[in-house]
Amino acid sequence: MSETALVLLVGGLAVFVGAVVQGSVGFGAGLVAAPVLTMLEPDVMPGAIQVVNMTLPLFTLAREWRTVDWRGFGFAALGRLPGSIIGAAVIVYVSVYTRGLLVAAMVLLAVLLTARSLSVPRNGLTITSAGFVSGITGTATGIGGPPVALVYQNAKGAQIRATLAMFFLLSAAQSLVILAVVGELPAGALGIGAALVAPMVLGFLASAPLRRYLDGGRVRVAVSPWRPPRPWG
């Protein structure tokens with residue numbers, strides 16, 4: 001099996017699983033797929049996963065665009081731009097090996113944030129700050145969902161998915177432009193990313209039953225799986 005075929009097979013499976021997760025709770029495609037793709041073919045990252053990150057939100061928005069929290073999206077976008085500039089500097093000045101370590105650190109941080117059961121108030125400051133951090137990590141590693149998802153963990157399922165989808169659409173497009181400007185978007189990254197759209201679509205379609213299940217009052221548990229449920233009353 002060729003190296004490219006291995007990337008498409010294993011990476012495609014990771015994207016499929018990530019799309020199932022993101023189609024259900026609003027984020028997770030980058031968190032699941034970016035580490036796998038970085039291990040398989042670091043030279044195409046984070047460009048390849050950003051192609052997926054820009055395409056997947058379109059499917060969510062086609063269903064749930066009416067529930068976007070536009071005010072929150074504006075604050076997140078405001079913080080995202082300066083964060084993405086810092087993320088671009090990381091891409092330019094940090095080695096591919098170190099970037100791989102950053103991806104691993106982002107995954108561990110996401111686990112720790114949910115395990116600690118943090119309760120973050122949702123206001124202009126926290127959303128802007130989350131957008132800023134997401135800009136850094138999303139541009140540098142392709143994983144930008146956890147900071148914003150943490151702020152929106154108490155929102156309703158449709159609002160979480162739609163607002164994050166709108167944010168991810170802007171974020172991925174912004175990151176692709178920045179990567180191209182700094183010369184870190186090779187043609188191979190775009191090719192691999194385009195090929196991974198197919199398993200992404202299948203994953204989104206497969207997420208429908210889980211999405212309906214979680215919308216029955218279980219989305220918060222899925223976003224913060226180690227948080228004990230709040231008692232009734």
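What you see below is based on every heavy atom in this structure, not just the backbone, and it leaves out hydrogens, waters and symmetry mates.
- Nearest heavy-atom pair across Leu169 and Met54 is CD1-O, 3.2 Å.
- Transitive grouping of hydrophobic side chains (ILVMFWY, heavy atoms separated by less than 4.5 Å) brings Leu164 and Trp65 into a common cluster.
- The cationic atom of Arg63 (NZ for Lys, CZ for Arg) does not lie both less than 6.0 Å from the six-membered ring centre of Phe204 and within 45° of the ring axis.
- In terms of heavy atoms, Ile91 sits closest to Arg99 at O-NH2, 3.5 Å.
- Taking the ring centroids of Phe73 and Phe167, they lie at or beyond the 6.0 Å cut-off.
- Taken together through direct or relayed side-chain contacts under 4.5 Å among Ile, Leu, Val, Met, Phe, Trp and Tyr, Phe132 and Phe168 form parts of separate hydrophobic clusters.
- Under 3.5 Å, the side chains of Ser207 and Ser24 contain no donor-acceptor pair of N or O atoms.
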- request: Please step through side-chain contact (heavy atoms from CB on, under 4.5 Å) for the pair Arg161 and Phe27, ending with a clear verdict.
  value: CA-CA 7 Å; Arg161 291 189 297 267; Phe27 78 107; over 6 Å; no
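- The distance from the CE atom of Met200 to the OG1 atom of Thr55 is 4.5 Å, given to the nearest 0.5 Å.
- Neither Leu170 nor Ile85 shares a network with the other; the hydrophobic side chains, linked directly or stepwise wherever heavy atoms of I, L, V, M, F, W or Y lie under 4.5 Å apart, form separate groups for each.
- No hydrogens or angles considered: nothing links the side chains of Gln159 and Thr67 as a donor-acceptor pair under 3.5 Å.
- Taking 4.5 Å as the limit, some side-chain heavy atom of Val103 sits within range of a side-chain heavy atom of Pro35.
- Annotation: side chain of Val151 is not in contact with side chain of Asn123 (no heavy-atom distance under 4.5 Å).
- Ala29 and Leu56 get closest at one heavy-atom pair: CB-CD2, 3.9 Å.
- Hydrophobic clustering, defined by side-chain heavy atoms of Ile, Leu, Val, Met, Phe, Trp and Tyr closer than 4.5 Å, leaves Leu125 isolated from every other such residue.
- A heavy-atom distance below 4.5 Å is not found between the side chains of Ile160 and Val25.
- Residues Thr137 and Ile143 form no side-chain contact, since every pair of their non-hydrogen atoms from C-beta on lies 4.5 Å or further apart.
- When side chains are defined from C-beta on, Ile178 does not count as touching Val181, because their heavy atoms never get closer than 4.5 Å.
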Please report, to 0.1 Å, the donor-acceptor pairs under 3.5 Å made by any side chain of residues 183-195, with sequence neighbours excluded.
none

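- Alongside Val90, the hydrophobic cluster contains Val94, Leu102 (criterion: ILVMFWY side chains under 4.5 Å).
- Side-chain contact, Arg211 with Thr60: no donor N or O sits under 3.5 Å from an acceptor N or O.
- When every heavy atom of Asp69 is checked against every heavy atom of Tyr152, the shortest pair comes out as OD2-OH, 2.7 Å.
- Not one N or O on the side chain of Ser134 forms a donor-acceptor pair closer than 3.5 Å with the backbone of Gly145.
- The hydrophobic clustering, which links ILVMFWY residues whose side-chain heavy atoms are closer than 4.5 Å, places Phe59 and Leu205 together.
- Contact detail for Arg80 and Gly135: the closest heavy-atom pair is NE-CA, 3.6 Å.
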task: Go through Val44 and Leu37 one step at a time and tell me if the side-chain contact (heavy atoms from CB on, under 4.5 Å) criterion holds.
output: CA-CA 8 Å; Val44 303; Leu37 292 170; 5.6 Å; no
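- Side-chain contact between Pro46 and Leu179: present, with at least one pair of heavy atoms (C-beta onward) separated by less than 4.5 Å.
- Connection of Val51 to Val182 is not established within any shared hydrophobic cluster, with ILVMFWY side chains joined at heavy-atom distances below 4.5 Å, either directly or through further cluster members.
- At least one side-chain heavy atom of Met166 sits under 4.5 Å from a side-chain heavy atom of Leu61.
- Here the straight-line distance linking atom OG1 of Thr141 with atom CG of Leu101 works out to 12.0 Å at 0.5 Å rounding.
- Between the side chains of Ser95 and Thr98, at least one donor N or O lies within less than 3.5 Å of an accepting N or O.
- Across all their heavy atoms, Gln22 and Gly28 have their closest contact at OE1-N, 3.4 Å.
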